[in-house]
Amino acid sequence: MKFPAQTRTRDYWGYLFILPSFLILLVCYLIPMVMDVFFSFTSYNVIQPPRFVGVRNYIQMANNRYLGIALRNTVVYTIIVVPAQTVISLAFAVILARVCNNKWGRFVRSSLFIPVITSMVLVGLIWRIFLATDGGMINYFLGILNINPINWLGRKNTSMISICLVAIWKSVGYFLVIFFAGVMDIPRVLYEAAVVDGANGFQKMMKITLPMLKPVTYLVVTLGTIWSFQVFDLVYVMTGGGPGFATSTLVLNIYNTAFKEFRLGLASAISLFLLLIIFLISYLQKKGFRED
Amino acid sequence: MKRTTFGTVLAGILLLLTLTGCTRDDSDRGAGGDDASADSITIWLPPFGSDPQGTMDYELWDAILSDYLDEKGVDYSLEIIPWGGYAEKYLTAISSQTGPDIGYMYLEMIADFIDMGALAPMDDFITDDIRDRYIYIDNGVIMGEQYAFPFVVGNPRIMFYNKDILEANNITEIPRTWDEFVDVCKRIEIDPDGDGVRDVYPFIQAWNEPQIGGLNEAYYPFLWQAGGRIFNDDGTIAINSEEGLEAAQFVYDLRFTHDILDESVSSLSGDDADNLMLEGKVAFAVLQTSFSKELDDAGIRWGFFSSLENERKGTFTAVDSLVILSNAEDTELAFDVILELTSPESMRRFHEMSPFPPITTDGAYLDNELFVDMYKNEADVFRSLPVAPGAAQIFDFLHKNLQLMMIGEMTPQETLQAVEEYSRTIADG
């Protein structure tokens with residue numbers, strides 16, 4: 001099929017307009033991705049030229065039990081953080097939109113957004129102080145309730161839970177805003193019709209709010225999952241992956257492999273593995289939400 | 001057809017840019033060697049002053065450099081590099097051609113950077129006079145060449161104690177051996193006011209210190225005291241030995257058998273442990289000698305001894321050095337600047353800010369007078385970390401596994417076994 005010359009010219013203008021964005025995409029994402037694939041087949045320490053080693057990095061990756069620990073920790077983190085932040089932010093959004101949509105509600109919404117705009121490093125440092133075993137604010141309050149001090153960041157289980165709680169606290173405000181916009185977009189007429197039909201609050205929630213929020217929920221869950229798999233700064237600041245490997249995550253493992261062990265090739269292979277995981281999860285989530 | 005052409009062009013651009021990104025242009029790296037002369041030089045130093053931003057350090061070195069380099073008509077750029085992620089900053093800067101001409105490195109990181117070809121030897125510039133004047137110059141000979149110029153030598157990790165706590169517990173004899181230490185620590189009342197909350201720590205260690213240097217206080221002194229070593233002469237790991245195990249078991253027992261180390265040590269960073277000491281809550285702690293100034297400022301009545309003794313005495317001392325990066329434009333100028341930075345006058349000004357022992361025969365002693373005898377009579381007690389390829393990675397792994405041991409997730413045997421296995425994977429590349 002042939003298009004008139006004028007249409008083809010218009011097409012070129014289109015390409016020209018998307019060129020700046022495309023160049024940014026090319027330089028910041030596509031080229032690094034191609035380079036990552038290239039480096040994953042090399043032995044590379046950043047300073048000396050890369051040396052081709054075939055699939056050795058992938059074999060090392062498969063045999064690396066500490067990567068397995070990091071993967072498990074990342075999955076645990078995701079399983080705790082994503083559902084919790086989704087449910088909490090949804091609950092807050094519904095309450096603020098339907099029950100408390102006034103100046104107090106706006107105040108609460110703004111307050112919950114403050115952690116979102118605070119630097120992750122700062123958040124980590126402050127929570128480290130709050131969670132200190134000796135003199136930490138959390139243990140101080142527990143002490144008032146006659147509960148013995150808890151070694152939050154120095155035990156295997158509590159250290160991961162502590163990080164998850166801080167992550168949830170930090171991200172709820174962000175997802176709340178997304179859910180809030182979604183709830184406000186639901187036509188009021190649906191609720192009015194439900195009231196006429198005699199539906200109670202729970203039924204309205206299950207039959208109207210949640211189904212209407214499905215696209216928003218998909219976005220929240222997908223973003224939350226991707227960001228959870230990329231968790232790094234909070235862990236780096238609060239525990240450094242410790243005690244031992246108790247809070248070591250995939251991205252921290254990539255960072256340590258690259259910049260502490262100087263094995264950029266292996267780090268590239270692990271980062272491709274992470275990309276594959278995120279891609280698979282996103283695909284499965286998309287499929288799941290569509291089938292629903 | 002059009003779409004195919006467009007795709008082909010795109011793929012071509014991608015490939016070209018990728019290859020360009022991977023190709024090292026050696027012409028950018030500076031000529032190096034004696035022939036090249038530069039009109040600017042970049043110097044990176046870490047912070048030693050009491051302010052965390054390094055302002056004191058910057059002002060000190062800036063004054064010294066401006067006096068020297070302005071006269072020569074050479075521009076300079078001085079940066080104070082924080083300790084967090086220290087080696088990573090060098091790695092990324094060197095790889096992106098934005099590294100310094102002169103840097104400051106600790107021994108654990110030097111071998112890897114030599115291995116990568118990132119450091120330039122200084123042998124050509126070392127004269128007999130320099131060898132005579134600089135006390136520790138031979139410590140900078142690594143892999144047969146003078147890659148490092150010792151700059152901060154000393155600041156050993158010694159055992160400090162709080163006199164008030166010992167007196168409150170009627171302890172008059174200072175422990176010398178491991179057994180005596182355990183006995184004394186057990187006699188210290190940890191909850192003097194009886195409110196059920198720990199007020200006193202008989203001994204403190206920072207097992208959540210993010211830097212691998214945390215082991216300089218927490219494990220290596222005990223390893224050396226047990227008669228052990230970290231590496232064999234051939235560069236293989238020596239830590240999984242009877243002595244290494246004895247040291248690990250001792251630290252493990254302090255935590256789990258004798259309950260001398262509180263559970264919270266697994267969550268303490270070096271700063272946290274320092275703060276507890278400054279609050280007067282700690283009876284014994286292995287700390288750097290430079291910490292004595294902060295103890296004085298905090299009004300703590302403190303005493304010290306160099307090291308506990310088991311098979312022998314032993315504790316860590318720093319041998320941190322200035323290095324010339326191999327991409328330095330003018331290595332001769334860089335070496336001249338190093339001599340200026342380490343001259344007795346510069347060192348006097350530096351040690352007034354941060355007290356360390358002198359590094360030259362004619363240098364002034366500005367460290368605490370209380371340490372003079374210790375430096376003079378117990379020099380053989382102080383040990384630095386060995387230089388070996390992959391050392392930093394192995395130390396990091398050892399650190400993490402010892403952390404696991406200190407939360408009861410691994411036994412001392414398992415810990416050292418895992419480190420030995422890991423060191424083999426590092427050796428295999």
Side-chain angles (χ1 to χ4, degrees), chain A residues 8 11 15 22 26-27 30-32 34-35 37-39 42-50 53 56 60 63-64 66 128-129 131-136 143 146 148-149 151-156 158-159 236-237 239-246 248 255-264, chain B residues 2 6 10 13-15 17-18 21-24 85 87-88 91-92 94-96 112-113 115-118 196-198 201 207-212 262-269 272 275-276 279 281 390 392-393 396-397 399-410 422 425-426 429:
Chain A
R8 283 208 301 271
D11 280 353
Y15 287 126
F22 175 74
L26 184 76
V27 173
L30 294 177
I31 292 174
V34 173
M35 288 173 74
V37 174
F38 170 76
F39 287 132
T42 66
S43 171
Y44 183 41
N45 62 19
V46 185
I47 292 175
Q48 290 165 318
V53 292
R56 197 182 72 181
Q60 281 185 354
N63 295 327
N64 185 343
Y66 301 101
R128 235 188 97 88
I129 296 168
L131 292 166
T133 312
D134 188 324
N146 271 336
N148 284 332
N151 187 10
W152 292 103
L153 298 175
R155 276 189 195 161
K156 201 177 170 187
T158 52
S159 56
Y236 184 80
V237 173
T239 61
F245 300 91
S248 170
Y255 173 81
N256 287 337
T257 306
F259 298 112
K260 283 192 173 170
E261 298 182 8
F262 309 133
R263 296 201 281 182
L264 266 290
Chain B
K2 288 268 181 207
F6 185 69
L10 258 186
I13 293 171
L14 255 174
L15 188 65
L17 287 172
T18 306
C22 301
T23 309
R24 182 172 299 276
E88 292 96 300
L91 184 74
T92 47
I94 293 167
S95 69
S96 57
D112 285 322
F113 281 86
D115 220 28
M116 293 175 198
V197 177
R198 178 187 281 264
Y201 297 82
W207 280 104
N208 196 23
E209 168 56 38
Q211 308 299 325
I212 54 172
D262 182 51
E263 188 206 342
S264 64
V265 294
S266 59
S267 66
L268 297 180
S269 68
D272 297 333
N275 288 335
L276 287 172
E279 287 169 23
K281 289 181 167 182
Q393 294 99 297
D396 187 52
F397 191 80
H399 189 201
K400 287 192 167 62
N401 279 275
L402 284 170
Q403 280 181 339
L404 285 175
M405 182 186 88
M406 293 306 284
I407 59 169
E409 290 289 322
M410 291 177 98
Y422 176 77
T425 66
I426 291 291

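First the proteins, then the strands, lettered A, B, ... as listed; each starts at 1. Since we're looking at a predicted model, the values are computed, not measured. All heavy atoms count here, side chains included; hydrogens, waters and symmetry mates do not.
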Most chain B-contacting option - heavy-atom pairs closer than 4.5 Å, from Phe262(A), Tyr236(A), Trp152(A):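 Of the options given, most contacts go to Phe262(A).
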
For chain B, which of Gly240(A), Pro243(A), Gly143(A) has the most heavy-atom pairs under 4.5 Å? Pro243(A)

Does any heavy atom of chain B fall under 4.5 Å from the side chain of Ala132(A), the backbone, both, or neither of them? neither

Non-hydrogen atoms of chain B under 4.5 Å away: do they reach the side chain of Asn256(A), the backbone, both or neither? side chain

Part of [X] lying under 4.5 Å from any heavy atom of chain A:
X         : result
Asn275(B) : neither
Leu402(B) : neither
Glu409(B) : side chain
Ile407(B) : side chain
Ser269(B) : both

Nearest 0.5 Å, please: how far is CD in Gln48(A) from CE in Met116(B)?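 Those atoms lie 7.5 Å apart.
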
Asn64(A) CG to Thr257(A) OG1 distance, which is reported to the nearest 0.5 Å: 7.0 Å

Judged by modelled atom types alone, do [X] and [Y] share a side-chain donor-acceptor pair under 3.5 Å?
X         : Y         : result
Glu88(B)  : Tyr255(A) : yes
Thr133(A) : Asn151(A) : yes
Tyr201(B) : Asp134(A) : yes

Tell me if the NZ atom of Lys260(A) is crowded by more than 12 foreign heavy atoms within 6.0 Å.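 Yes.
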
If the plane angle is over 60° it's perpendicular, under 30° parallel, otherwise tilted; pick one for Tyr66(A) and Phe397(B). perpendicular

